[in-house]
Structures are given as structure tokens and as C-alpha cells.
**Student:** 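Got a structure for you, questions after.
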There are 2 protein chains.
Amino acid sequence: MDMGRLGLREMKKQMTRKTIADAALQLTEEKGLDDVTIDDIAREAFVSPRTFSNYFASKEEAVLGAFNLGVDQVLDDFSSRRPEGPPLQTLCELMYDYARENPTQLRQAAQVTALELKNPSLRKFRVEREVEMIGQLSYRLGECTGTDANTDLYPSLVAAAAISAVSASLAIWSLRGLPDEDLPGLIQDAFNMVSDGYPTQRRTRPTRPLRNPSDPPQDLGIAADRP
Amino acid sequence: MDMGRLGLREMKKQMTRKTIADAALQLTEEKGLDDVTIDDIAREAFVSPRTFSNYFASKEEAVLGAFNLGVDQVLDDFSSRRPEGPPLQTLCELMYDYARENPTQLRQAAQVTALELKNPSLRKFRVEREVEMIGQLSYRLGECTGTDANTDLYPSLVAAAAISAVSASLAIWSLRGLPDEDLPGLIQDAFNMVSDGYPTQRRTRPTRPLRNPSDPPQDLGIAADRP
DNA sequence: CATCTGTTTGCATGGTCTGCAAGTTTGCAT
DNA sequence: ATGCAAACTTGCAGACCATGCAAACAGATG
């Protein structure tokens, strides 16, 4: 039997996980993470403190668990693609599409930035996740470009550049107050800047318009093949 | 009075700090950080556990404290410079010079990578430091290029690119076994790759020779002004 | 020397993490 | 349905960690 794709057991587990994560997030927003104990979170989520530890290794992981960044999914998409064209361009397209199609998750991701301002202990954990992503992406880039991520600079640098592009876009978007529909444009700008070699002092397109005909974002990647 | 630039009190403090950090490092290499307690480190350093906590907030900080990366110094140098030329080129020059002049400290920095393989809990703390550096650098870049790091992508992206270049160089250098005199070349390669927009599949120059006349590293930054 | 300040230390407290064993729920096959 | 096995929850215990406080101590200063 298939039990609707997922056994009752697994369903409950996912639900418990989400309940705990949400409780952690809510309490953190209320009182600040430093004034929240694992016992508080467990009580709020109707589980024992011991069970909390079965799901998350720390308060911080729980809070971050409330955000399903979904970027992993993009990385999976990238991994399953046939290598064609400059990796940065592919990644930009994937991220751009993802940002347009999943505004909610991206909005959540950007909220982490705000949380971090009031709860600095979260930072370690978020950036560790980012570095983890860079590692995976770097490995995959090595595979599909025929370079060795352990020997060659190329995969690590490209991976780091791509993740920074997204990360920086989210940060700025957050500081701008999360204006609707702005993020995909920011992401494209970031990738363009990266693959153009960081042209000096070119300013980021202001909040609006999203599309500026005189500065077409489609020029992406052309710089990536120049010797 | 000046007491030879530094009072006895301050001298002792620095010495205690270093003693603790060294003890932390040694024990970590012996037994692995997970099997080392703060009490162990304190005993090894002839201080009370309470004093350990006066100096470091955690075991991990203590271990990292044994490495004086000195990159902060480079950032200070950068901050005190008159803005001229593309920032990435300036940063490359500074880092290149620093790498040539301070092989010991760079070697130490690269050793952190090795430590991380056996002690994953260190990672969080190291990358947090890196992100901290990106933040500072980004702020300074905003200042000296007339852009706002809170609004504009440019400063954050350049800062992230520069730090990744160094970080990736160190990682690969470490994996290659820290061959003498290789690092400055790697750093230049990394910065070149960054400021050329990550040309696809260009392979990193092999371990030797350090200087390859047919691939002059002096072409740095020329891509940074192309519109 | 006398005093003032900053450091070390022990102690106490509250919080976190992990293993273990007992009890409960779910999955699955009969 | 019934029963068994695997997985999950929970309480408890033990080790570790972080921090405030106050007393003792040592360097600085005049």
C-alpha cells in the first residue's frame, strides 16, 4: 500500500518537525532567541524536551528549520541538467525562474536576514548552510565541467560567486523592505555583475522598474567565454 | 609612563591567551575536538576553567585563536588606501604581497582547512569569521566607491568575490599539500578568474611553474571597466 | 607604602546535549 | 483482527558548557 504517497508515521514526523520549528520561530520573534529555552519551545509544540533534541540539534537549527529555502531544489535541478552553456548563466536562469515561481519561499528566506539582526547567534548557522551549498554546487560543477574541485580553482569560485549573488540579492531585497517583484531582477543584476567581472561602480538598478530596456539583462554570460 | 609600549599586565594577558589557544590546538590535534573538554584545555594551560571562559567563548574559538590569520591587517591596509583603480585589482595586489611576505601566517591559515576535516564543528566558526570580513570589506568598498552597501549589490558582491578568492586559494593550496611558493600564484589566478567573469573551464595553472610567461598574471583588472 | 584597578579563581545556577531503557504507536504480514 | 518488529516518544541521569557574583590576588600609580 502507498498510504497517499507517505505513511502515517512519516506524516506525523514532518508535522512534528514543522510544529517545533514554528514554535521556535514564534517564540524567537516574541522574546528573542536568547530568552527562549528548549523547554519553552518543547512546551509550545506539545512535545517533550527530549523529543525536541531528536529533531533539532539546537535552538538555532530549529528556527532555521522554519524556513524552507528550497534552494537545494534548484541545486538538484542543476545537477540533473545536461551541461550546456556557461554554468553561471544556467544558474542564473534557474534561480531567476525559481524566484519568480516561488515568491513565498524566497520571502521567507529573506526574513532570515531580519531575524539575524536581532538574534546574532543565528548567523553562524545560516552561513554554514550557505557554505554547505557552495560545497555541493562546487562538486557538481567539477563533475560537469571536467575539472577537479579539489585541485582547480574554477568550481569553488563559480559556486561561491553564484551563492553570493543570491545571498547578496536576498540581503538587499530584505533591507529594501521586500518590494514585490523586485527580487528576480536583483538576482539577474547580481549574476550579470558577477559574470562581467564586477565592473566598477556600476550601480544596481533601483527598485523600479523591474525591466529597463536600455539595460537588458539578457547579456548574461557573454563574458564567460572570453579568453 | 609607557612601560615599554605595553604594561606587564597586558603582556601576561596576551601570553595567557596564546598559551590557552596553543593548548586547545594541541589537544585537538591529539584527540579530536569532541574528546577535549574546556577543563582539559584549562589544565594544559595552567589556568582555571573559569579563566578559560574569560578569554574564549568556546572551545572552537580557542582553537581558531591559535591562528593569527592576519587578513584583518590587509583589510586595514585597504581601508587606509586612497581609492585608485579597480578595487579587485587593489585587493589582489595587497593579498599577493601579503602572501609573499607572510608565508608562516598563511600556512597557518591553510592548516585550519585540514583541522576542519577532522573537526567539523570548527566550520561554523571559521565561516562566520569570513562573513564578518566580507561585511567589513563591503562597508569599506561602499565608502570608497560611493555606493551604499545596504542598497547596492556592488560592494557586497566584490567583497564576497575577494574573500572567496583567498579562501578558495587556501583550500586548494592545503589540499595540494602546501607546496612552497605556490600560494601567491594561486591567489593571483583566483583574482584573475574572478575579474574575468569566470571564463568557462579555464584550468588553474598546475602546481609549478609559479610563473608562466604565456599566461601573464598582470592582466588583472582590465575586465573590470568594460561596460 | 597605600590605594586603586583589573585579573584570576571558586562557587553556584541554569541551560544544553546525549545515551539508555521503558513505554507507546505504526507498519505489515499473517 | 492479531501479533510481531521497527520506529518514535519520553523521562531520567550524567557530562558539559556559559555566566554572574564575590573574594582573593597582582600590577599600576602616586
Side-chain angles (χ1 to χ4, degrees), chain A residues 1-24 27-28 30-65 119-125 128, chain B residues 1-24 27-28 30-65 119-125 128:
Chain A
M1 186 180 285
D2 199 334
M3 200 60 104
R5 191 68 187 270
L6 218 49
L8 176 55
R9 192 164 254 166
E10 195 62 21
M11 294 283 298
K12 278 199 176 180
K13 244 176 85 171
Q14 297 304 325
M15 201 177 111
T16 306
R17 185 180 181 81
K18 178 158 172 43
T19 306
I20 295 175
D22 287 348
L27 289 177
T28 298
E30 274 177 21
K31 313 198 296 178
L33 188 49
D34 291 344
D35 292 335
V36 175
T37 70
I38 288 184
D39 287 35
D40 294 336
I41 303 174
R43 201 173 313 116
E44 188 82 7
F46 303 102
V47 294
S48 77
R50 188 61 184 85
T51 296
F52 173 95
S53 290
N54 287 339
Y55 281 88
F56 297 99
S58 65
K59 296 187 284 186
E60 288 83 0
E61 298 285 4
V63 173
L64 256 40
N119 305 281
S121 56
L122 286 177
R123 175 172 275 219
K124 273 195 211 52
F125 293 82
E128 192 184 27
Chain B
M1 188 180 280
D2 202 333
M3 200 59 105
R5 191 72 183 268
L6 218 52
L8 177 54
R9 199 164 245 167
E10 195 62 20
M11 293 284 298
K12 277 199 174 179
K13 242 176 90 172
Q14 297 303 325
M15 203 179 111
T16 307
R17 186 183 181 79
K18 177 156 174 44
T19 306
I20 294 175
D22 288 347
L27 289 177
T28 298
E30 274 176 22
K31 314 198 297 179
L33 189 49
D34 292 346
D35 292 336
V36 175
T37 69
I38 288 184
D39 286 36
D40 294 336
I41 303 174
R43 201 174 311 115
E44 188 82 7
F46 302 103
V47 294
S48 76
R50 187 63 184 82
T51 297
F52 174 96
S53 291
N54 286 339
Y55 281 87
F56 296 101
S58 66
K59 295 187 283 186
E60 288 83 359
E61 298 285 5
V63 173
L64 256 40
N119 305 280
S121 55
L122 287 177
R123 176 173 276 219
K124 272 196 213 51
F125 293 82
E128 191 184 26

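A note on names: the letters A, B, ... follow the listed sequences, proteins ahead of strands, and every chain is numbered from 1. Heavy-atom basis, side chains included; hydrogens, waters and symmetry copies ignored.
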**Student:** Pick out the pairs of N or O atoms, protein on one side and nucleotides 15-18 of chain D on the other, that lie under 3.5 Å.
**Tutor:**
from, atom 1, to, atom 2, distance (Å)
D/dC17, OP1, B/Lys59, NZ, 3.3
D/dC17, OP2, B/Ile38, N, 3.2
D/dA18, OP1, B/Ala57, O, 3.0
D/dA18, OP2, B/Ala57, O, 3.4

**Student:** Specify the residues of residues 41-49 of chain B, ordered by number, for which at least one heavy atom lies under 4.0 angstrom from an atom of DNA chain C.
**Tutor:**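 DNA chain C contact set from residues 41-49 of chain B: B/Val47, B/Ser48.
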**Student:** Which whole-number value in Å describes the distance from B/Asp35 CG to C/dC17 C1'?
**Tutor:**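 Going from B/Asp35 (CG) to C/dC17 (C1'), I get 15 Å.
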**Student:** Could you measure the distance from the CD atom of B/Glu128 to the CD atom of B/Glu60? Nearest 0.5 Å is fine.
**Tutor:**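 B/Glu128 CD to B/Glu60 CD: 11.5 Å, rounded to 0.5 Å.
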**Student:** Pairs counted as Watson-Crick or G-U wobble with both distances under 3.5 Å: what dot-bracket string results for DNA chain C, using | for bases tied to another strand?
**Tutor:** ||||||||||||||||||||||||||||||
**Student:** So for A/Arg9 and C/dT25, does any side-chain atom that can act as donor or acceptor lie under 3.5 Å from a complementary atom in the base?
**Tutor:**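 Under the 3.5 Å cut-off, the side chain and the base do form a donor-acceptor pair.
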**Student:** Over how many whole Å does the gap from A/Asp34 atom CG to D/dT19 atom P extend?
**Tutor:**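 It is 9 Å, rounded to the nearest whole Å.
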**Student:** Of the non-hydrogen atoms in A/Lys59 and A/Leu33, which two are nearest, and what is the gap between them?
**Tutor:**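 For A/Lys59 versus A/Leu33, the nearest heavy atoms are NZ-O, 3.2 Å.
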**Student:** Which heavy atom of A/Ile41 sits nearest a heavy atom of A/Phe52, and at what distance?
**Tutor:**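 Distance-wise, the nearest heavy atoms are CG2-CE1, 3.9 Å.
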**Student:** My understanding is that only residues two or more places apart in sequence, or in another chain, count here; which of them pass side-chain hydrogen bond (donor to acceptor under 3.5 Å, both in side chains) with A/Thr51?
**Tutor:**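 By the side-chain hydrogen bond (donor to acceptor under 3.5 Å, both in side chains) rule, A/Thr51 matches A/Ser48.
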**Student:** Please list residues of residues 10-19 of chain B whose heavy atoms come under 4.0 Å from any atom in DNA chain D, ordered by number; otherwise none.
**Tutor:**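 DNA chain D contact set from residues 10-19 of chain B: B/Lys12.
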**Student:** Hey, what do you get for CG (B/Asp22) to CZ (B/Arg17), rounding to the nearest 0.5 Å?
**Tutor:**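 Going from the CG atom of B/Asp22 to the CZ atom of B/Arg17 covers 11.5 Å.
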**Student:** Just verifying a value: how many Å separate B/Ile20 CD1 and B/Met15 CE, rounded to the nearest 0.5 Å?
**Tutor:**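 Answer for the CD1-CE pair, B/Ile20 versus B/Met15, is 11.0 Å.
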**Student:** To check you understand the geometry: which heavy-atom pair defines the closest contact between A/Gly65 and A/Phe56, and what is its length?
**Tutor:**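 Looking at all heavy atoms of both residues, the shortest contact is CA-CE2, 4.3 Å.
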**Student:** Going by the side chain to side chain donor-acceptor pair (under 3.5 Å) test, name the single residue among A/Lys12, A/Glu10, A/Lys18 that passes it with A/Gln14.
**Tutor:**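 Running side chain to side chain donor-acceptor pair (under 3.5 Å) over A/Lys12, A/Glu10, A/Lys18 with A/Gln14 returns exactly one hit, A/Glu10.
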**Student:** Quick check: closest heavy atoms across A/Ile38 and A/Pro49, and the distance to 0.1 Å?
**Tutor:**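 Nearest pair, atom of A/Ile38 first, then A/Pro49: CG2-O, 4.3 Å.
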**Student:** Looking at every heavy atom in both A/Val63 and A/Thr28, which two are closest together, and how far apart are they?
**Tutor:**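 That would be CG2-OG1, 3.5 Å.
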**Student:** With a 4.0 Å limit, can you tell me whether B/Tyr55 has a side-chain N or O closer than that to the phosphate oxygens OP1/OP2 of C/dT7?
**Tutor:**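 Checking B/Tyr55 against C/dT7: no side-chain N or O falls below 4.0 Å of OP1 or OP2.
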**Student:** Which atom names give the shortest non-hydrogen contact between A/Phe125 and A/Ser58, and what distance separates them?
**Tutor:**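 In terms of heavy atoms, the two residues are closest at CE2-OG, 3.6 Å.
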**Student:** Does the side chain of A/Glu61 come within less than 4.5 Å of A/Tyr55's, by heavy atoms?
**Tutor:**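 Of all side-chain heavy-atom pairs linking A/Glu61 with A/Tyr55, none is under 4.5 Å.
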**Student:** Would you mind reading off the distance between B/Leu8 atom CG and D/dA26 atom P, rounded to a whole angstrom?
**Tutor:**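 Computing the B/Leu8:CG to D/dA26:P distance gives 12 Å.
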**Student:** Any side-chain to backbone donor/acceptor pair from A/Asp40 onto A/Thr37? Under 3.5 Å, distance only.
**Tutor:**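 Answer holds: yes.
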**Student:** Enumerate all atom pairs, one protein N or O and one N or O from nucleotides 20-24 of chain D, separated by less than 3.5 Å.
**Tutor:**
from, atom 1, to, atom 2, distance (Å)
D/dG20, N7, B/Arg50, NH2, 3.0
D/dG20, O6, B/Arg50, NE, 2.6

